[in-house]
Each structure stands twice: as structure tokens, then as C-alpha cells.
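Before any comments, here is the structure.
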Amino acid sequence: MADNAKWYVVHTYSGYENAVKAAIEKSVNNRSLQDMVLQTEIPMETVTEVTEEGKVKEVERKVFPGYVLIKMVLTDDTWHLIRNIRGVTGFVGSANKAIPLTEEEVAALGMEKHEIVVLYHVGDTVKITDGPLSTFTGTVEEIEPEKNKVRVVVSMFGRETPVELELDQVEVLS
């Protein structure tokens with residue numbers, strides 16, 4: 001069932017995010033629904049504030065006040081469980097239909113990190129495994145793991161051409 005889990009957004013009373021998260025986790029444990037409701041998150045960011053006295057301090061702040069994100073398998077039971085938590089005003093969606101976040105939205109929020117192990121280095125000869133250049137080989141010129149990018153120099157029509165690809169689109173030529 002966990003493979004069918006998607007991220008949903010729940011609207012809460014302002015200031016109730018932590019209480020709602022705790023109540024959801026407690027209800028899930030009490031009802032043994034850990035395989036249906038996998039994760040509850042309140043997206044936070046660290047902000048540097050300067051006080052009136054000129055002191056600098058780091059503060060944790062909610063990215064979306066009034067909202068809690070939940071990774072779950074949506075069924076009638078899980079919908080009612082979440083909807084009846086004190087402080088929850090409803091799911092984000094249309095009428096009584098909760099709409100899950102898209103893969104792009106989840107990635108943009110940084111809720112799920114897909115770790116890619118890079119087995120090649122700058123200067124290695126690699127084969128492109130995906131995309132329109134999937135049969136070409138080239139030399140790794142630059143690797144940017146934080147952007148999920150690799151620049152490979154490919155010889156096309158007698159010219160050296162740099163191509164930017166995702167990290168998992170190339171593999172080391174053995």
C-alpha cells in the first residue's frame with residue numbers, strides 16, 4: 001500500500017500546526033495505520049533576523065503557516081481520520097476531494113530527497129543512457145550534485161559539444 005502513498009496538504013487553524021501534527025501521529029499509532037499514513041511534516045525554514053538592538057539571531061519559521069503536509073494512502077478511513085482531528089479545517093482540494101501534490105511540487109518543497117550515487121568523476125569517459133543522445137559517449141567536464149546536473153563533452157559531427165544532463169542519465173564506460 002505504501003507505494004500508492006501521495007503527499008496531501010491539510011489546512012489547519014493558524015498556530016495549530018504542531019498540535020495537529022502530534023494528534024495525527026498519535027491517532028495513526030493508536031489505530032495501527034502506520035502503513036497508510038507514512039509521514040507528517042510542517043515545512044520549516046531558517047531565517048536570520050536582526051533585532052532592534054542590532055543582534056543577529058537564527059529563527060525557525062513555518063514556510064506555509066496554517067498547513068501540514070501528509071504522505072498517505074487516501075482511503076475513506078484515512079480521510080475521516082485526518083478530517084476529524086481537532087484543528088484541521090480540511091484538505092486542500094475541491095469540495096470533499098483531496099488533491100495530491102504533483103511530483104514536481106514535492107521536489108520543489110524538498111520533502112523527499114532522491115539520493116543519487118555518482119560513480120564517475122571529472123575526466124571519466126561515460127555513456128549517455130537516457131534522452132535523445134542515449135547512444136553517445138563523452139567525457140565528464142563538470143558535476144553539480146546539488147543541482148542534479150552533469151556536463152558531458154560529446155563529439156558530434158566532428159565537433160566537441162558540451163551537453164548538460166541529469167546525474168542518472170550517464171554511466172561509466174567499463
Side-chain angles (χ1 to χ4, degrees), residues 1-12 17 21 24-25 28 33-50 56-75 78-79 82 91-94 97-174:
M1 284 297 252
D3 295 340
N4 300 331
K6 295 188 181 333
W7 283 97
Y8 293 90
V9 181
V10 174
H11 191 263
T12 68
E17 301 90 350
K21 179 181 177 189
I24 289 170
E25 290 169 348
V28 166
L33 289 173
Q34 292 91 339
D35 58 333
M36 299 294 281
V37 181
L38 306 174
Q39 206 174 337
T40 309
E41 294 291 333
I42 302 169
M44 302 291 277
E45 64 184 350
T46 305
V47 181
T48 305
E49 290 183 352
V50 180
V56 178
K57 63 178 184 176
E58 300 256 317
V59 179
E60 283 280 306
R61 194 165 61 188
K62 293 177 180 75
V63 179
F64 305 111
Y67 295 93
V68 174
L69 278 67
I70 304 171
K71 185 173 187 176
M72 63 183 228
V73 179
L74 188 66
T75 63
T78 56
W79 187 89
I82 303 300
F91 280 91
V92 171
S94 59
K97 187 178 187 312
I99 298 175
L101 294 175
T102 63
E103 295 290 326
E104 293 78 26
E105 291 167 330
V106 172
L109 289 171
M111 297 305 296
E112 290 184 350
K113 302 273 192 256
H114 295 289
E115 190 174 312
I116 297 171
V117 178
V118 180
L119 300 172
Y120 47 85
H121 305 285
V122 173
D124 285 356
T125 302
V126 293
K127 177 182 168 202
I128 300 173
T129 58
D130 188 30
L133 305 173
S134 63
T135 57
F136 285 82
T137 58
T139 307
V140 176
E141 186 177 68
E142 183 181 5
I143 300 172
E144 295 181 79
E146 62 282 347
K147 292 183 180 176
N148 192 30
K149 298 286 180 199
V150 59
R151 186 177 303 126
V152 178
V153 177
V154 179
S155 181
M156 269 192 270
F157 311 114
R159 284 200 139 145
E160 297 290 305
T161 308
V163 180
E164 197 166 272
L165 301 161
E166 291 186 6
L167 293 174
D168 61 351
Q169 287 184 298
V170 298
E171 62 183 30
V172 177
L173 214 60
S174 49

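These numbers come from a predicted model, not from an experiment.
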(message) Quick one, T129 with V170, criterion side chain to side chain contact (heavy atoms under 4.5 Å, CB included). Give me CA distance, side-chain angles, the key distance, then yes/no.
(response) CA-CA 5 Å; T129 58; V170 298; 5.7 Å; no

With distance as the sole test, does [X] use its side chain to make a donor-acceptor pair with the main-chain N or O of [Y] at under 3.5 Å?
X	Y	answer
T12	G66	yes
S155	G158	no
T40	K21	no

Would you check if [X] and [Y] make a side-chain contact, meaning some heavy-atom pair closer than 4.5 Å?
X	Y	result
I42	F64	no
V92	I99	no
E17	Y67	no
P43	L69	yes
V28	I24	yes

(message) Enumerate the salt bridge (charged side-chain N to carboxylate O under 4.0 Å, His left out) contacts for residues 120-142, please, sequence neighbours excluded, ordered by first and then second residue.
(response)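 Salt bridge (charged side-chain N to carboxylate O under 4.0 Å, His left out) check on residues 120-142 returns E141-R151, E142-R151.
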
(message) My understanding is that only one of K71, E25, M72 makes a side chain to side chain contact (heavy atoms under 4.5 Å, CB included) with V37; could you say which?
(response)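 Among K71, E25, M72, the one meeting side chain to side chain contact (heavy atoms under 4.5 Å, CB included) with V37 is M72.
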
(request) Take E58 and V47 through the side chain to side chain contact (heavy atoms under 4.5 Å, CB included) test and state the conclusion after the steps. (result) CA-CA 6 Å; E58 300 256 317; V47 181; over 6 Å; no

(request) Please lay out, stage by stage, how L133 and V163 fare under the test side chain to side chain contact (heavy atoms under 4.5 Å, CB included). (result) CA-CA 9 Å; L133 305 173; V163 180; 3.6 Å; yes

(message) Checking T46 now: which residues fulfil side-chain hydrogen bond (donor to acceptor under 3.5 Å, both in side chains) with it, not counting sequence neighbours?
(response)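 Residues passing side-chain hydrogen bond (donor to acceptor under 3.5 Å, both in side chains) with T46: E60.
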
(request) Please find out if less than 6.0 Å separates the ring center of H11 from that of F91. (result)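 Ring-ring flag for H11/F91: false, centres at least 6.0 Å apart.
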
(message) side chain to side chain contact (heavy atoms under 4.5 Å, CB included) for T137 and V126? Distances and angles first, verdict last.
(response) CA-CA 6 Å; T137 58; V126 293; over 6 Å; no

